[in-house]
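Report on the structure given below.
A, B, ... follow the sequence lines: proteins, then strands. Residue 1 opens every chain.
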Amino acid sequence: MPPGFPRQFLDVPWLLQASEPRRPMSKTWLLLLGVGIVVMFSTLAGGQSGAAGAVLNALSGLAVAGLMGGLVMFSVATVKRVRAEHQAVESIGEMIQLRRWPEAGAELDRYLSSPARSHGLRAQALVYLGAVLARYQRFDDALAVYDNLLDSDMLEPGSAYGLRLGRAMAMLREDHLVDADRALGELRRLSPSGVDSAGLALLELYRDVKTGHFVEAIQRFERSKNALRDQLGHRSADAWALLARAYDALERPAEAQQAYRNATLLAPPVELTRRYPEVAKLDGKYEPAYAPAEAA
Amino acid sequence: MLNTDHAISRVRRDLALGFALKAVLLAAGLAAVVVVPRVAPHVNSGLALFGVAVVWLVLSYNSAKGSRAAADVPSLIAAGLHEEAEEEIDAALRRFSLIRVVKLQTLYQLAVLRHAQKRHRESAAVCRELLRPRAGSAGAAVARPVRLLMADVSLELDDLPAVHGALAGLYGERLSLNEVLQLLAAQLDYEARIGAWGRMTHEVMTKVQLTELMPAASAARAQALLALAAGESGRADFRDWLRDRAALLATPADLVARRPILAGLWPGTEEDPEHAGV
């Protein structure tokens with residue numbers, strides 16, 4: 001893209017390209033040059049005697065001191081830059097946790113517009129970019145980021161598993177049901193045996209609700225109820241909301257009401273509808289649990 | 001098995017040794033520039049200084065490499081693999097390191113492990129050692145997480161003056177979001193024990209929003225404590241709302257077992273451990 005050309009906010013292909021770390025200029029040559037100077041002075045000093053030898057000896061001492069000083073200053077500057085970049089990425093993570101999406105998006109746009117210092121920090125920033133894009137319902141862009149990250153093999157297995165969950169959710173939201181089904185199969189294979197993954201359970205629950213398999217959705221919820229609660233915390237509101245939708249579709253209003261109340265105890269209805277458009281049908285049909293007003 | 005007192009004395013000894021070695025290398029560097037040209041003019045001072053620099057660099061490189069030795073410990077502790085974590089900590093403590101903060105961070109991991117193993121007295125002893133005043137910035141680098149851990153451990157030991165001391169040291173600090181969440185959890189626990197109900201319900205919705213970012217068990221406990229405070233402050237609506245939320249995030253019987261002060265929120269919990277308020 002030519003410089004100065006206006007680009008879209010969070011332009012994914014551009015950010016993926018621009019954030020690619022540059023091969024750092026090798027400082028080894030500088031160090032070798034410094035060593036060469038020292039050796040040259042030392043050789044000359046060894047061949048001289050008297051005042052000239054003393055001067056050369058002092059100069060070689062100064063050269064080494066300069067080399068060491070330069071090395072220390074260079075290391076300090078590098079550590080400072082890496083620390084600043086690390087803090088920038090960390091603060092983006094905090095903005096996402098605090099749901100400050102526009103600020104997180106703006107920071108990501110700024111950070112990923114120039115080459116990252118390390119592959120690890122770039123990968124972390126791209127994970128955050130995927131989350132922000134999903135929040136803005138730009139699921140195709142989020143999928144492009146997730147695929148790029150998974151293809152690059154930059155993430156350790158735990159993070160890659162989490163990313164695959166986000167990718168499958170984006171597929172479901174975009175109605176790529178065949179791809180989503182394949183992604184779910186892959187996740188099932190990757191899940192550690194004997195561990196009930198709440199993320200996977202939530203995805204399967206959503207898939208069942210989306211495809212009209214309401215009885216299976218209820219059974220899935222009951223099987224993974226404790227894992228959903230323990231692993232997702234407040235995000236278990238999503239599972240309760242989908243359960244309410246399943247009960248509603250099966251015309252079991254009492255159970256739908258109870259599940260909807262539980263969902264809205266943990267998250268406001270507007271947030272649930274934003275995450276799962278299918279839940280919008282429950283709005284107005286069932287009584288949510290409102291938070292009390294702060295002032296009595 | 002790693003003995004905690006042994007680990008503390010080993011770290012003390014290694015820190016002293018590292019300090020002495022740095023002093024020796026610094027003195028050798030100065031001697032190469034100042035003393036050698038006068039005492040032994042035939043010895044090249046540049047090469048002598050270069051030799052000292054190489055030794056320093058090699059030791060620093062090895063120390064930096066050693067800092068990765070205990071990198072897996074947090075995930076091992078989180079996965080409940082305490083024995084494996086203990087072995088990694090033991091191996092990391094046995095390695096010599098010129099970088100003080102590496103040793104202190106490994107000792108901090110030991111405190112976290114002891115806390116996870118419910119050996120709270122040993123964890124507190126390690127925290128006290130880490131909070132001992134030290135020269136340089138190494139101690140300050142680990143002070144915040146250590147104070148948070150100390151507050152948590154002291155709550156388990158019901159040592160309220162120690163909790164207060166640990167929390168007081170954090171108020172002027174710039175904390176990360178995760179540290180803010182840990183501080184809030186410890187603070188609510190402490191305030192509930194001293195009956196500071198008014199302080200707990202001050203700006204309650206901000207606190208509730210923060211608890212939503214905590215892991216399920218911590219979020220449940222914090223909201224249950226806020227429910228208790230709301231009840232004590234005459235806000236029955238808040239009490240019921242927060243209590244029902246807490247019951248969706250953890251089993252009330254578990255909450256009451258860990259914090260008996262919460263029993264009033266779920267009367268008869270002991271008789272009906274499956275009661276979930278749902």
- prompt: Crowded around B/Glu83 CD? As in, over 12 foreign heavy atoms under 6.0 Å?
  reply: no

What are the two closest heavy atoms between [X] and [Y], and how far apart are they?
X        : Y        : answer
A/Arg261 : B/Asp244 : NH2-OD2, 3.0 Å
B/Asn178 : A/Gln97  : OD1-NE2, 3.9 Å
A/Gly233 : B/Ala216 : CA-CB, 3.7 Å
A/Pro292 : B/Arg235 : CB-NH2, 4.3 Å

To the nearest 0.5 Å, what is the distance between [atom1] on [X] and [atom2] on [Y]?
X        : Y        : atom1 : atom2 : result
A/His234 : B/Thr211 : NE2   : OG1   : 5.0 Å
B/Leu248 : A/Leu265 : CG    : CG    : 5.5 Å
B/Leu210 : A/Leu98  : CG    : CG    : 7.5 Å

Interface residues of residues 21-29 of chain B facing chain A - heavy atom cut-off under 4.5 Å: none

task: Report yes if the side chains of A/Asn226 and B/Thr251 come closer than 4.5 Å at any heavy-atom pair, otherwise no.
output: no

query: Mind checking whether B/Leu213 and A/Arg99 have side chains closer than 4.5 Å, heavy atoms only?
result: yes

- prompt: Picking from A/Ala267, A/Gly158, A/Ala291, which has the most non-hydrogen pairs under 4.5 angstrom with chain B?
  reply: A/Ala291

message: Less than 4.5 Å to any heavy atom of chain A: does that hold for the side chain of B/Leu57, its backbone, both, or neither?
response: side chain

task: Name the option with the most non-hydrogen atom pairs under 4.5 Å to chain A; the candidates are B/Ser176, B/Gly234, B/Ala219, B/Ser75.
output: B/Ser176

